[in-house]
Amino acid sequence: MPKPFSRISPACTIVLGAQWGDEGKGKIVDLLARDVDIVARYQGGANAGHTIHLPDGRQFVLHLIPSGIFHEDVTCVIGNGVVIDPVALREEIAMIEAQGIRVKGRLFISHNAHLIMPYHKMLDQAAEQRLIAKDGSAVGTTGRGIGPAYEDKFARKGIRIVDLLDRDSLREKLRKNIAEKNELLEKVYGASELCNVDKIISEYEVFDREIDPYITDTSLFLNRAIAEGKSLLLEGAQAALLDIDFGTYPYVTSSNPTAGGACTGLGIPPMAIRRVMGVAKAYATRVGNGPFPTELLDATGERLREAGHEYGATTGRPRRCGWFDAVAVRYTNMINGVSSMAITKLDVLSGLDEIKLCTRYERTSDGRALEHFTNDLRQLADIRPIYESFEGWQAEDLSGAETREDLDPRIQRYLDALEREVECPLEIISIGAGREETLSSSVEFA
Ligand code: GDP
Ligand code: IMO
Ligand code: MG
């Protein structure tokens, strides 16, 4: 049934990570996708791992395909800002189609998106190994070639999806790139294995045939959809504190998961954005290295990891766990202009005697209070979190609740304080991985 074209513009809702990633963006986008026409990914690559639990019990982890794919009326778009690993994409399409879910005709890929090549992954891993050996200062990347692929994009030597369509020029570009990367791998990183030009060319020529039906000018497609009054969800990967400009640099990813990235990563105008939803866990996690002020290196942190199954959806690495950091989320809400939040994994806090919420920082050197987050690593090394403490609750206290108001008063007290501290309304409360395990999902798209 066609959706009502009730609005002309603005029509887009951005859903993005407000912490360090893995907030449950996949669950929230899948939940909201029921009511929209298009879901579009705007940055990152197969470093993302977005987990979705379908009502029939099936569970999927998506790395590149937008989290709207499980609603058959929804069209999915991979925008120009995404870096595409053809191997990962091919596997993901096959995995989804094997489950009886149609992808062809429902997924469109920007002709301007850059490709991740085998040498990007090799360079990513070699650079990390070198930093580990040198001084232990590795970023802790996912090893998916993200940084090197964006490096090539900005150095104006990347290979784009559109290049697949012209074999002669693709071969020439690949030869040039591979010669340079092999030199880097051999002379800088001392790698024993180098890239084989012919092998890569023949692999990418196969990909060209497979991907052809999906390629289009997605910016044109999306702008037409906006003009027709369709509703769009723009799905961020990673999160604001991993943003290349606003995150805890250099412990960040190489793209802009923040709201501005949605416009540049899709080729749509800022005026088309109607709202920005920030997704955050009811506590905090981080995978990879870098500052994490509220990290718990004790039994409580361990408990959060086990109760929340906090192991990376892409790499399987244990995630670092800690208390909710409202100072950091106030900052990401400001940067992104977040208009409402989805708080996930509230259920994971059940069973703790005490729950803490970081409301401000204090400088350890002079005791001065800091209300604002900073991404300056030197300053972050000199702060300690100041907490407000809350009485815990049991799992039973969550069951049976259909709205936030049904929750036990102790849980409401925590949520009210969190809402006050992040200075933004909580529109969705998630109490489990399934679509139905959600409170207050009263988001109106019409
Ligand atoms: P994303 O990268 O932001 O999409 O998040 P991930 O999929 O990497 O990690 C979130 C994990 O939490 C996934 O395993 C989800 O299935 C799970 N999840 C999402 N929301 C909830 C929730 O409210 N409660 C619980 N217990 N798990 C959740
Ligand atoms: P989703 O979309 C959590 C982290 C890595 C590393 C840093 C840089 O599932 O939330 P990269 O491979 O991007 O160069 O690594 O960013 N990272 C993520 N952490 N969730 C993610 O994605 C992440 N994608 C990258 O662990 O610290
Ligand atoms: Mg994830």
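Counting starts at 1 for both ligands and their atoms, in listed order. It should be emphasised that the depicted structure is a prediction, and the values quoted were computed from it without experimental measurement.
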For Thr258 and Asp243, which I'm curious about, is there any donor-acceptor pair between the side chains at under 3.5 Å?
yes
For Leu242, the atoms of ligand 2 under 4.0 Å from one of its heavy atoms are 4 (C), 16 (O), 17 (N), 18 (C), 19 (N)
Could you tell me if Ser430 and Lys27 have a donor-acceptor pair between their side chains, going purely by distance under 3.5 Å?
yes
State the atoms of ligand 1, each with its element, that fall below the 4.0 Å cut-off from a heavy-atom position in Gly432.
20 (N), 21 (C), 22 (C), 23 (O), 24 (N), 25 (C)
Between Trp393 and Tyr414, what is the ring plane arrangement, given parallel below 30°, perpendicular above 60°, and tilted in between?
tilted
Heavy-atom proximity to atom 6 (C) of ligand 2, best of Gly288, Gly140, Gly24:
Gly140
Does the side chain of Arg106 come under 3.5 Å of the side chain of Thr75 through a donor N or O and an acceptor N or O?
no
Within the 4.0 Å heavy-atom cut-off, what His53 brings close to ligand 1 is side chain
If you count the atoms of ligand 2 from 1 in the order shown, which ones are under 4.0 Å from a heavy atom of Arg317?
5 (C), 26 (O)
Under a plain distance cut-off of 3.5 Å, with no hydrogens placed, do Asn47 and Gln238 share a side-chain donor-acceptor pair?
yes
I'd like the name of whichever of Lys27, His50, Glu437, Glu235 reaches closest to atom 19 (C) of ligand 1 through any heavy atom.
Lys27
Is it true that Lys25 lies under 4.0 Å from ligand 2, counting heavy atoms only?
yes
Side-chain ion pair, Arg90 and Glu210, N-O less than 4.0 Å
yes
At a 4.0 Å threshold, what atoms of ligand 2 neighbour a non-hydrogen atom of Val252?
7 (C), 8 (C)
Any side-chain donor-acceptor pair under 3.5 Å between Arg58 and Gln99?
yes
Any nitrogen or oxygen of Gly24, main chain or side chain, under 3.5 Å from a nitrogen or oxygen of ligand 1?
yes
So, applying side-chain contact (heavy atoms from CB on, under 4.5 Å) with Ile428, which one of Ile343, Leu439, Thr344, Leu32 is it?
Leu32
Answer with yes or no whether the side chains of Thr248 and Asn375 bring together a donor and an acceptor at under 3.5 Å.
no
Considering all heavy atoms of both residues, which atom of Leu16 and which atom of Lys25 are nearest to each other, and what is their separation?
C-CD, 4.0 Å
Nearest heavy-atom approach of Val139 to Glu128 is N-OE2, 3.0 Å
For ligand 2, is any non-hydrogen atom under 4.0 Å from Tyr251's backbone (N, CA, C, O), its side chain (CB onward), both, or neither?
neither
If every non-hydrogen atom of Leu115 is compared with every non-hydrogen atom of Arg160, which pair is closest and at what distance?
CD1-O, 3.9 Å
If you measure every N/O of Arg144 against every N/O of ligand 2, is any gap under 3.5 Å?
no
Is the number of heavy atoms from other residues, nucleotides or ligands within 6.0 Å of CD (Glu436) greater than 12?
yes
Close approach, Gln238 and ligand 2, non-hydrogen under 4.0 angstrom:
yes
Name the closest protein heavy atom to atom 15 (C) of ligand 1, giving the residue it belongs to and the distance to 0.1 Å.
Thr51 CB, 3.9 Å
Which of these, Asp22, Thr141, Val287, has its nearest heavy atom closest to atom 27 (O) of ligand 2?
Val287
Among non-hydrogen protein atoms, atom 12 (O) of ligand 2 lies closest to Thr142 OG1, 2.6 Å
Less than 2.8 Å away from the Mg ion (ligand 3), how many protein N/O/S atoms can be counted, ignoring water?
2
Tell me, please: is Arg319 in heavy-atom contact with ligand 1, that is, under 4.0 Å?
yes
Among all protein heavy atoms in this structure, tell me which lies nearest to atom 2 (O) of ligand 1, with the distance rounded to 0.1 Å.
Gly49 O, 2.8 Å
Decide whether the shortest distance between a heavy atom of Gly17 and an atom of ligand 1 is less than 4.0 Å.
no
Do Asp152 and His120 have side-chain N/O donor and acceptor atoms under 3.5 Å apart?
yes
Short list, please: which atoms of ligand 2 are under 4.0 Å from a heavy atom of Val139?
8 (C), 27 (O)
Lys281 bridged to Asp22 by N-O distance under 4.0 Å:
no
Atom 4 (O) of ligand 1: the protein heavy-atom neighbour that sits closest, reported with distance to 0.1 Å:
Gly26 N, 2.8 Å
Atom 27 (N) of ligand 1 [closest protein heavy-atom partner, distance rounded to 0.1 Å]:
Lys345 CE, 3.5 Å
To which protein heavy atom is atom 13 (O) of ligand 2 closest, and what is the distance rounded to 0.1 Å?
Thr253 OG1, 2.6 Å
For residues Ile93 and Tyr214, report the shortest heavy-atom separation together with the two atoms involved.
CG2-OH, 3.7 Å
Is there at least one pair of N or O atoms, one from His50 and one from ligand 2, spaced under 3.5 Å apart?
yes
Ala48 neighbourhood, listing ligand 2 atoms whose heavy-atom distance to it stays under 4.0 Å
1 (P), 2 (O), 9 (O), 22 (O)
Ligand 2 atoms nearer than 4.0 angstrom to some heavy atom of Trp20 are 3 (C), 19 (N)
Quick one: nearest non-hydrogen protein atom to atom 24 (N) of ligand 1, plus distance?
Asp347 OD1, 2.8 Å
Among all protein heavy atoms, pick out the one at the shortest distance from atom 10 (C) of ligand 1; state its residue, atom name and that distance to 0.1 Å.
Asp22 O, 3.6 Å
At a 4.0 Å threshold, what atoms of ligand 2 neighbour a non-hydrogen atom of Ala237?
2 (O)
Would you kindly say whether Gln394 and Ser350 are connected by a side-chain donor-acceptor distance under 3.5 Å?
no
Just let me know how Ile52 lines up against ligand 1, side chain, backbone, both or neither, with a heavy-atom cut-off below 4.0 Å.
neither
Return the minimal non-hydrogen interatomic distance between Ala401 and Leu407, and the atom names on each side.
CB-CD2, 3.7 Å
Does Asp85 pair with Arg144 as a salt bridge, N-O distance under 4.0 Å?
no
Distance-only N or O hit between ligand 2 and Gly49, under 3.5 Å
yes
In terms of heavy-atom contacts, Asn289 and Ala138 come closest through ND2-O, 2.7 Å
To which protein heavy atom is atom 23 (O) of ligand 1 closest, and what is the distance rounded to 0.1 Å?
Ser430 OG, 2.4 Å
Is it true that His63 and Glu91 share a donor-acceptor pair across their side chains at a distance under 3.5 Å?
no
